[in-house]
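Before any comments, here is the structure.
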Amino acid sequence: MTTRKYHIDQMISAKAIAARIEALADEIKAEFDDTPKLVVVGLLRGSFVFIADLVRELDLPVEVDFIEASSYGDSTESSREVRILKDLRGQIAGRDVLIVEDIVDTGHTLSAVSEYLTARHPARMKTIALLDKPARREVDFKADWIGFEIPDEFVVGYGIDFAQRNRNLPYIGSVKFDDDEG
Ligand code: IMP
């Protein structure tokens, strides 16, 4: 838990997020239009708000499942190791899968989870991330759909936390440390 004081500047409004999700849902529907049922896999915990809004815009038969991987501690620094903390409940072999992530930062998490789930031989698998920080990339990975490309700033809100705080903000905000300014 941080002891540094910070404030949050709004970066992406709730309204802009909602509009973008509508457009993304149309593209996903077009891609998976013939699916018997799409397995929408949320990466816990940061994607829980995004997946809730996304599936409600998605005019397709869906099943929702979750997986939890960790590459982050309670700090703004990424560690390289990706561990699976909680696996899917359902089977995905031969099925259509959409992996839903909050942010692609270094790229380690989504690339490792994609690889992990590809080994189960889904029929089709695609990835979507609400946010992308291309400046921070360490592995060559690009999600199939991105909500917003953002600069190299630490963000919170809309499900995304800083040391387990601020997940409940309805918008995406940038964390500004008060002792950094002046
Ligand atoms: P990656 O493995 O470096 O791509 O990191 C992905 C994960 O790091 C995301 O799912 C987030 O949980 C976390 N993360 C990356 N950037 C931020 C941020 O700006 N705020 C909060 N969490 C972040």
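In listed order, ligands and their atoms are each counted from 1.
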[X] to ligand 1, any heavy atom closer than 4.0 Å:
{"X": "Gly107", "value": "yes"}
{"X": "Asp161", "value": "yes"}
{"X": "Lys133", "value": "yes"}
{"X": "Glu153", "value": "yes"}

Per-atom contacts, ligand 1 versus [X] - under 4.0 Å to a heavy atom:
{"X": "Thr109", "result": "1 (P), 2 (O), 5 (O), 6 (C)"}
{"X": "Asp102", "result": "9 (C), 10 (O), 11 (C), 12 (O)"}
{"X": "Ile103", "result": "6 (C), 9 (C), 10 (O), 16 (N), 17 (C), 18 (C), 19 (O), 20 (N), 23 (C)"}
{"X": "Ile160", "result": "20 (N), 21 (C), 22 (N)"}

Rounded to the nearest 0.5 angstrom, the CG-CZ distance for Asp96 and Arg124 is 4.0 Å

Tested for side-chain contact (heavy atoms from CB on, under 4.5 Å) against Val40, the lone hit among Val55, Ile128, Ile99, Val97 is Val55

side-chain contact (heavy atoms from CB on, under 4.5 Å) test vs Val104 passes for just one of Lys133, Lys142, Arg136, Arg137, namely Arg137

Residue pairs meeting salt bridge (Lys or Arg N to Asp or Glu O under 4.0 Å), one or both in residues 12-29, sequence neighbours left out, come to Lys29-Asp33

Side chains of residues 149-156: which donor-acceptor pairs under 3.5 Å do they make with residues two or more places apart or in other chains?
from   : atom 1 : to     : atom 2 : distance (Å)
Glu153 : OE1    : Ser174 : OG     : 2.5
Glu153 : OE1    : Lys176 : NZ     : 3.4

Practice problem: Side-chain contact test, heavy atoms from C-beta onward, threshold under 4.5 Å: evaluate it for Ile28 versus Glu57 and give yes or no. | Solution: no

ask   = Looking only at distance, does Val155 have an N or O less than 3.5 Å from an N or O of ligand 1?
value = yes

When you look at CD of Gln10, are more than 12 heavy atoms from neighbouring residues, nucleotides or ligands closer to it than 6.0 Å? yes

